[in-house]
Amino acid sequence: MITRVLLVVKHRLPWLWALVEWLNGKLFRLLHEKELRRQAKKAFDDFELQGYVFRPLETDDLSALQDLLDRQGADRLRYFQPHGFDHRSLQAALTNPAFLMFGAFSGQSLAGYFFLRCFWNRRCFVGRLIDQPHEGRGIGRVMNRIMYHTAWRSGFRCMTTISKHNRAIIRSHANNPSARLVGELANDYLLVEFLPEGSFEPGQRVEQ
């Protein structure tokens, strides 16, 4: 119920969402930030891919992130809007303690961006973007493992929202053994949870 209310506030009441994010950041830092970052560090050690370096983003990486976002066509960003893409918005996201920003690097270039948007009530939402030349090389699989295991090991539910019109992501999650459909949201969105093996709750798989 809380998750659905937060999603409505985010999309329909931006002024209230700004206050929610501020309060959530304070509570998250107090209750969970240290553990989430500790588990993220372990996940980075556990899941690797030859030729790429996966790590948290730092202030000096924001220019590379903006370059990555600028390289994407409008169609690739249509359903990927976790925050503004200008430098000020990226800086605000990076300084939000409840928004964990990660990157997949190929040399000095940022080949992929992924994140955990966390809430004090032990929910987190995942998202990722892979530069087109690096698709199909296993980056997404490693990103998923890092995000999922960081959340699971910290005792958080790991979730995402998907537009019914985003056929590529629907197909991807239809083949994801961890994905379970929780329910439908307004504006043709689905609420999906990622569950560890052996802990599946009753629910539907995400259908193509």
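For this chain, numbers begin at 1 and follow the sequence in order.
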If you round to the nearest 0.5 Å, how far is [atom2] of [Y] from [atom1] of [X]?
X: Asn24; Y: Asn121; atom1: CG; atom2: CG; answer: 7.5 Å
X: Leu191; Y: Leu181; atom1: CG; atom2: CG; answer: 8.0 Å
X: Asn166; Y: Thr161; atom1: CG; atom2: OG1; answer: 10.5 Å
X: Leu23; Y: Phe28; atom1: CG; atom2: CZ; answer: 15.0 Å
X: Leu36; Y: Cys124; atom1: CG; atom2: SG; answer: 7.0 Å

Minimum-distance pair of heavy atoms, taken over all atoms of [X] and [Y]:
X: Ile139; Y: Leu49; value: N-CD2, 3.8 Å
X: Thr150; Y: Ala40; value: OG1-CA, 3.3 Å
X: Leu65; Y: Leu90; value: CD2-CD2, 3.9 Å
X: Leu195; Y: Glu193; value: CD2-OE2, 3.4 Å
X: Phe85; Y: Leu69; value: CD2-CD1, 3.6 Å
X: Gly112; Y: Leu68; value: C-CD2, 4.1 Å

Taking salt bridge (Lys or Arg N to Asp or Glu O under 4.0 Å) as the test, write out the residues that go with Arg55, two or more places apart.
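With neighbours one apart ignored, the set is Asp61.
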Sequence neighbours excluded, which residues qualify as salt bridge (Lys or Arg N to Asp or Glu O under 4.0 Å) partners of Lys42?
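With neighbours one apart ignored, the set is empty.
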Can you name the residues that form a ring-ring contact (aromatic ring centres under 6.0 Å, His included) with [X], not counting sequence neighbours?
X: His149; answer: Phe47, Trp152
X: Phe194; answer: Tyr148, His173
X: Tyr113; answer: His83, Phe115
X: Phe156; answer: His32

So, Tyr52 versus His134: side-chain donor-acceptor pair below 3.5 Å or not?
yes
Would you check, one step at a time, whether the test side chain to side chain contact (heavy atoms under 4.5 Å, CB included) holds for Leu31 with Arg122?
CA-CA 10 Å; Leu31 299 173; Arg122 291 189 178 274; over 6 Å; no
Partners meeting side-chain hydrogen bond (donor to acceptor under 3.5 Å, both in side chains) with Glu35 (sequence neighbours left out):
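Glu35: side-chain hydrogen bond (donor to acceptor under 3.5 Å, both in side chains) contacts with Arg38, Gln39.
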Applying side-chain hydrogen bond (donor to acceptor under 3.5 Å, both in side chains), name anything that partners Ser89, two or more places apart in sequence or on another chain.
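Ser89 satisfies side-chain hydrogen bond (donor to acceptor under 3.5 Å, both in side chains) with Asp86 once adjacent residues are dropped.
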Taking the side chain as everything from C-beta on, heavy atoms only, tell me whether Leu62 gets closer than 4.5 Å to Leu94.
yes
Taking side chain as C-beta onward, heavy atoms only, is Cys158 less than 4.5 Å from Phe125?
no
Decide side chain to side chain contact (heavy atoms under 4.5 Å, CB included) for Leu129 and Gln72; before the verdict, give the C-alpha distance in whole Å, the side-chain angles of both, and the deciding distance to 0.1 Å.
CA-CA 10 Å; Leu129 176 70; Gln72 311 308 307; 3.9 Å; yes
Hey, is the main chain of [Y] close enough, under 3.5 Å, to the side chain of [X] for a donor-acceptor pair?
X: Asn187; Y: Ser163; value: no
X: Ser172; Y: Ala168; value: no
X: Arg167; Y: Lys164; value: yes

List, one per line, each side-chain donor-acceptor pair under 3.5 Å for residues 95-111, sequence neighbours excluded.
residue	atom	partner	partner atom	Å
Thr95	OG1	Gln91	O	3.1
Thr95	OG1	Ala92	O	3.1
Asn96	OD1	Ala98	N	3.0

Can you list every pair that meets salt bridge (Lys or Arg N to Asp or Glu O under 4.0 Å) and has a residue in [range], with sequence neighbours left out?
range: residues 18-33; answer: Glu21-Arg117, Arg29-Glu33, Glu33-Arg37
range: residues 126-137; answer: Arg71-Asp131, Arg76-Glu135
range: residues 143-154; answer: Asp46-Arg153

Hydrophobic cluster membership, Ile130 vs Leu57, 4.5 Å side-chain cutoff
no
Evaluate the criterion side chain to side chain contact (heavy atoms under 4.5 Å, CB included) for residue pair Ile146 and Phe44; output intermediate values, then yes/no.
CA-CA 6 Å; Ile146 291 171; Phe44 282 115; 3.6 Å; yes
Under the criterion side chain to side chain contact (heavy atoms under 4.5 Å, CB included), I'd like the reasoning laid out for Leu190 against Ile170: C-alpha separation, chi angles, the key distance, then a yes or no.
CA-CA 10 Å; Leu190 303 175; Ile170 293 288; 3.8 Å; yes
